[in-house]
Structure formats: structure tokens, C-alpha cells
A.B. asks: 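Please find one structure pasted underneath; my questions will follow.
Note on naming: letters A, B, ... go to the chains in the order of the sequence lines (proteins, then strands), and numbering restarts at 1 for each one. These figures come from a predicted structure and were not determined experimentally. The figures that follow rest on heavy atoms only: side chains count, while hydrogens, waters and symmetry mates do not.
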Amino acid sequence: MEIEKIDDNIYEVPIGYRPGMRVPGRIFVSAALREMVEPGTVDQVANVATLPGIVGHSMAMPDAHLGYGFPIGGVAAFKEQGGIISPGGVGFDINCGVRLLRSDLQARDVQPLINTLLDALFQAVPSGLGSTGRLHATDRQLTESFLRGAEWAVEEGYGVESDLDFCEENGSMPGADPSQVGVKARKRGRPQLGTLGSGNHFLEIQRVEEIYNPEIAKRFGLFKGQITVMIHCGSRGAGHQICTDHLDVLSKAVRKYNIDIPDKQLACAPLGTPEADHYFGAMVCAANYAWANRHIIAHWTREVFDRYFPGSQLQLLYDVAHNVAKIEEHRVEGKKERLYVHRKGATRAFGPSRTEIPAAYEGLGQPVLIPGSMGTASYVLCGQDKALDLTFGSACHGSGRVMSRSQALRQFTGKEVKAALNRDGIAVRSTSPGMLAEEAPQVYKPSGDVVDVVHNLGIATRVARLVPLGVSKG
DNA sequence: ATGTAC
């Protein structure tokens, strides 16, 4: 059975596409991007549609690609009564997310110092595979980060109280249960608090290249030629281990509660069971850890900027989570209901009618931060109420890979990737040349095309485009 | 994404 175009940028996976689908699937792509969605990703959208208690549609954002069980770029919401929770719908890097700091500096004043600045940031913020921090958190501090996330980080002197207003969930999600975090996850997570990690995670110095919506840009504090800093990272080994450990528990729960799943990777538990509660409690720990992590990294970034540009300001514009399950109220068939919304490689994009958006952005909607791949533009958008009707208030999270890591390694070398970026005027620091090859700009879809879909659907409005000047990676 | 293997 074929998927069907039902509107511009909307394709439907009909209920008959595979047995057991409870709702149709929806893939939000342009005709051009449709060609880039592999058949396996469509199958995953259909698989998710078979899970108990799913409401609306099993959805894939324009940057969707194959993931563990659920597609990356997947959004699925489940009823509190009769629904499930699944680690595959959240991802291994729990609360991987993006934070944007806006400065009061002009690019022309920063450009001459870019290499010095980047060296200092590379040193101040530990990065790389298995990197450990400057922080040396104690066991007790680790628990506090699980329980209170960025709120705890502020108490420890990282960032300021007002930063919390500009984080999703104020940087601290309720419901953490540290007793459900195993010894191994704690052991991996403790030394990694305050580290960037590897892969597509980065810290980037950017310039505001274009303003699309002057009114919203002004309210977000953005202007052309401005320096911004974007931080993309998550919960490191802690979140990964929590996901691994609970997948094991939930695979057994699938048998225990007799859930019929078309793919073992969709391991899940019915909401209200101990297994579901335990995963949720542990997932919140990792989510809070990630907010603390980004808070600490932002603090060190501010220290470096203060060293080279004394008195300069780096204000937090916003911090979004793009790998998390959340309890949210949504209108389902005209009635308000509490749902477990899974966003995996998908960003929340709440519009002005939601109370969750920061008071400073009242009447606008939340900032939606879409990082580009290394060397390509990132975007700031503003969530719209239409997203509530179409996607439970969700948008894409990035550009999405078009080539595997191994394929990239066969095709590029780190040295040539770095040289090409330098030719484009982008400075790069990295702990591993191989990683630069795996993250070459060519292995990702063009982020602008993905953003166009979201903008044209009315899910989120384009506000500004940011281009990289210098990037620090694992 | 990730101590890329229990």
C-alpha cells in the first residue's frame, strides 16, 4: 500500500498500510524531501501507530530518518488511560537539546578574535567521546542534578535565576525518581556532568545573518550582525545507560502485559504500571541532568566571553528539549486530555495560547531552535497555535542525516572537511578528525528545506537564520 | 547518541 499526499507537505500512511494500526500515520514533508524518506522510516511510522492508546496520528517531521524503534523526527501521543510509554520514543540521548545565547556584540568586533575565542571555549568546555568534566560532581550533587536540573545548577553558582524562565520546563521537570537510576548510569554520569560529548553535539559561535520576522526577532532580542552562541548536547552516558537499563525492563513488560508489538525495539509498558512509572522517573532524572549540563556549559561560555569582551552580556534566549516524553494537556476530539507526548528528534513548538511559554514571549509563542549541521546555518523559529492542531505542538529538530557514519568515513577525511570549512571562513576545533568526517555538511539534508516545511505548514514561523563562525566539537 | 562488545 502506498502513502498518500493529502495536502501540501502532508502525506498520510493509511491504516491499512500494515496490520494492527490504530491510527493513520502522517509524514510532514515537501515533495523533494519525500524522496529522501527511506521506506524503513515509513514502516516505523506505521509500527508506532499500532501501539496501545495512541491518539491522533503517528507522526514524522520533515527531518525524519530511521531510528531505534520509533523514527528520529517522530512524534506520538498516548492517552493516560490505556496508553503506553516507550524509551524508543524518547531516544538514547534523553533530553538532547539546544540552547541559544544571544550577545550584545557585533560580529565585526568578534571576528578578529575568533580563533582565540574558540581555543578558549574548546578548553573551557570539555568535549569528546567519554570526556569527563572540570566539575568533579559528588554523588550527592549528581542526585541533586537528577532531581532539580538547571535549578540546582543555579544554586551551585552556574548561571542566574532568571535563566530558568527561558528553559523548557524551567530546566527542571517534576517526577524524577533517582532510585530508578542504576549504579552504572550514575557511575557514567557523575564525571560527565559539564561536558559536551561527541557526534553531532557542538558549541558554536554564530552570526545573525538574516532576520525574517523583525517584530518577533525584536522581542527575542535578535538583530542582524549579532553574535549568538548555540549549545547542542544532552545527558551523555547517564541518559544512554538509563535508556539501556529500562529497555531491558520494558522488554519483559511487553510479555508480562501481553502487548502485541511489531518490532522488539518498540518495548514499552502500559501507563500506570510500575515498569512505566520507573522508566518515567529515571527518564526525568536524565532530562534534568541534561538541563543542568547545558546550564553549566553556558556558564563557562559566559566566563570565556567575559575574559575577552569584559562586560558583554550573553542572555539565554531559550533552551529546548528534542528527545523527551512529557505529560501535556491537549485537545482530543474537542475534549482536553492528559497525554504522554513522545518527541524523539522533534522540538516542542507551542504557540501563544499555551501557558508554558515564557512570560517575556507572551503573545508570540516559544522559540523553536533548529541547529544546522556542522558548517551550515541554524534557524530560530517561533511556535504557532496551528502546531497544536497538526502535531501536538511539535516541529522538526534539525536537518537529519542522509548518509551513515561509516559511509561518511569512506567518503571524506577529517582533514579535507576541516579545510573546506576553513575556506568558507568557519573555524573548527575537534578532539577527533574522524568525527569531523562523520559530521561533514554533505551527510545532512539541507536544514533550510526542512525549516521551509515547518514554516509553510504554519507550525512555526521563521524568525532568523544564524551562520557559524566557529565551532567546537567532540 | 554511546566507555561503537557481557
A.B. asks: To the nearest Å, give me how far apart CG (A:L247) and P (B:dC6) are.
C.D. replies: 14 Å

A.B. asks: Would you classify A:Q192 as touching base, sugar-phosphate or nothing, given that sugar-phosphate means primed atoms plus P, OP1 and OP2, and contacts are heavy atoms under 4.0 Å?
C.D. replies: sugar-phosphate

A.B. asks: Could you state the CZ-P distance from A:F92 to B:dT4, rounded to the nearest angstrom?
C.D. replies: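 So the two atoms are 14 Å apart, to the nearest Å.
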
A.B. asks: In whole angstrom, what separates A:H246's NE2 from B:dT2's C1'?
C.D. replies: 17 Å

A.B. asks: What's A:S198 touching, base or sugar-phosphate or nothing? Going by heavy atoms closer than 4.0 Å.
C.D. replies: sugar-phosphate

A.B. asks: So does A:E275 pair up with A:K256, basic N to acidic O under 4.0 Å?
C.D. replies: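 Judged by the 4.0 Å cut-off on N to carboxylate O distance, A:E275 and A:K256 do form a salt bridge.
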
A.B. asks: For A:L196 and B:dT2, what is the distance between atoms CG and P respectively, to the nearest whole Å?
C.D. replies: 9 Å

A.B. asks: Can you confirm whether the side chains of A:S58 and A:R22 place a donor and an acceptor under 3.5 Å from each other?
C.D. replies: no

A.B. asks: Between atom CG in A:L409 and atom P in B:dT4, what is the gap in whole Å?
C.D. replies: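 These atoms are roughly 15 Å apart.
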
A.B. asks: Would you call the rings of A:F146 and A:Y289 parallel, tilted or perpendicular if under 30° counts as parallel and over 60° as perpendicular?
C.D. replies: tilted

A.B. asks: So, is A:R236 near the phosphate of B:dT2, with a side-chain N or O under 4.0 Å from OP1 or OP2?
C.D. replies: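 Looking at the OP1 and OP2 atoms of B:dT2, one of them is under 4.0 Å from a side-chain N or O of A:R236.
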
A.B. asks: A:H201 has an atom NE2; how far is it from atom P of B:dT2, in whole Å?
C.D. replies: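 These atoms are roughly 5 Å apart.
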
A.B. asks: Rounded to whole Å, how long is the line connecting atom CD of A:E438 with atom C1' of B:dT2?
C.D. replies: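 These atoms are roughly 12 Å apart.
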
A.B. asks: If you measure from the Lys or Arg side-chain nitrogens to the Asp or Glu carboxylate oxygens, is any gap between A:E168 and A:K326 under 4.0 Å?
C.D. replies: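 A salt bridge links A:E168 with A:K326.
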
A.B. asks: For A:D245 and B:dT2, what is the distance between atoms CG and P respectively, to the nearest whole Å?
C.D. replies: 16 Å

A.B. asks: With DNA chain B as reference, determine whether A:L129 or A:H232 sits nearer its 5' end, using the nearest nucleotide of each.
C.D. replies: A:H232

A.B. asks: Have a look at A:K344 and say if it touches a base, only the backbone sugar-phosphate, or nothing, with a 4.0 Å heavy-atom cut-off.
C.D. replies: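 If one applies the 4.0 Å heavy-atom cut-off, A:K344 turns out to touch nothing in the nucleic acid.
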
